[in-house]
Amino acid sequence: MSKVVKLVSIFRNGMGKSQTWSLSNPDTTKTPSQIKGLLEEMAKLNLFQKDGIRQYETVVSAKYVETIETTIFEEVPVTR
């Protein structure tokens, strides 16, 4: 059994539509204000555009999503 943590963020794009961005294995010791500040800095970089529209213009929200993976079975490859 393993636990996977993701930071899932919602942004508004240049057309006002919702855009999701996620990061696997984030630093969960950061405070909410630190995370918000980092996401706002990312939005200022204007790195991602599609058809001339900024994809991550304004940060709206962020949350941690934890997934627990439990292996039911796993086939072991045959070696010769």
Side-chain angles (χ1 to χ4, degrees):
M1 185 163 61
S2 64
K3 181 172 82 167
V4 178
V5 177
K6 280 187 176 182
L7 173 67
V8 178
S9 311
I10 306 297
F11 289 80
R12 294 242 186 272
N13 70 10
M15 297 292 290
K17 294 186 178 183
S18 182
Q19 186 74 29
T20 303
W21 180 82
S22 61
L23 175 68
S24 296
N25 302 312
D27 181 355
T28 56
T29 63
K30 301 271 187 220
T31 66
S33 61
Q34 287 174 314
I35 291 175
K36 184 177 182 183
L38 291 168
L39 293 171
E40 288 171 341
E41 288 297 316
M42 186 181 100
K44 288 179 190 175
L45 294 175
N46 193 20
L47 295 174
F48 304 98
Q49 289 191 16
K50 182 176 179 182
D51 300 325
I53 299 167
R54 290 180 60 188
Q55 295 301 294
Y56 304 101
E57 187 169 81
T58 307
V59 65
V60 174
S61 67
K63 61 185 171 185
Y64 290 120
V65 175
E66 296 182 22
T67 304
I68 297 174
E69 297 179 355
T70 305
T71 303
I72 299 171
F73 70 90
E74 186 173 337
E75 291 187 27
V76 179
V78 177
T79 58
R80 294 182 186 202

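Below, each value reflects all heavy atoms present in this structure, side chains not excepted, and no hydrogens, waters or symmetry copies.
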Asker: Restricting to side-chain hydrogen bond (donor to acceptor under 3.5 Å, both in side chains), what partner residues turn up for R54, sequence neighbours left out?
Answerer: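 In terms of side-chain hydrogen bond (donor to acceptor under 3.5 Å, both in side chains), with neighbours along the sequence ignored, R54 is linked to N46.
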Asker: Under the rule for salt bridge (Lys or Arg N to Asp or Glu O under 4.0 Å), what residues qualify as partners of E69, not counting sequence neighbours?
Answerer: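 E69 satisfies salt bridge (Lys or Arg N to Asp or Glu O under 4.0 Å) with no other residue.
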Asker: Is the shortest heavy-atom distance from the side chain of Q19 to the side chain of F48 under 4.5 Å?
Answerer: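 Not in contact.
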Asker: Do L7 and M42 share a hydrophobic cluster, counting only Ile, Leu, Val, Met, Phe, Trp and Tyr and linking them when any side-chain heavy atoms are less than 4.5 Å apart?
Answerer: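 Hydrophobic grouping puts L7 with M42.
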Asker: Check whether any side-chain heavy atom of P26 lies under 4.5 Å from a side-chain heavy atom of V5, and answer yes or no.
Answerer: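 A side-chain contact exists here, since the closest heavy-atom pair is under 4.5 Å.
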Asker: Under a 3.5 Å distance rule, please check whether E74 uses its side chain to pair with a backbone N or O of I72 as donor and acceptor.
Answerer: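 No.
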Asker: Looking at every heavy atom in both Y64 and I35, which two are closest together, and how far apart are they?
Answerer: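 Answer, listing the atom of Y64 first, then I35: OH-CD1, 3.0 Å.
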Asker: Test of understanding: clusters of I, L, V, M, F, W, Y form through side-chain heavy atoms closer than 4.5 Å, transitively. Do W21 and V65 belong to the same one?
Answerer: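 No, no single cluster joins them.
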Asker: Nearest 0.5 angstrom please: M15 CE to Q55 CD, how far?
Answerer: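 Nearest 0.5 Å value for the CE-CD distance: 10.5 Å.
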Asker: Say whether V4 and V8 are linked into one hydrophobic cluster, either directly or through other cluster members, by side-chain heavy-atom distances under 4.5 angstrom.
Answerer: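 Looking at the clustering, V8 is in a separate group from V4.
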Asker: Consider side-chain contact (heavy atoms from CB on, under 4.5 Å). Of L39, T20, V60, which one does F11 pass it with?
Answerer: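 Passing option: L39.
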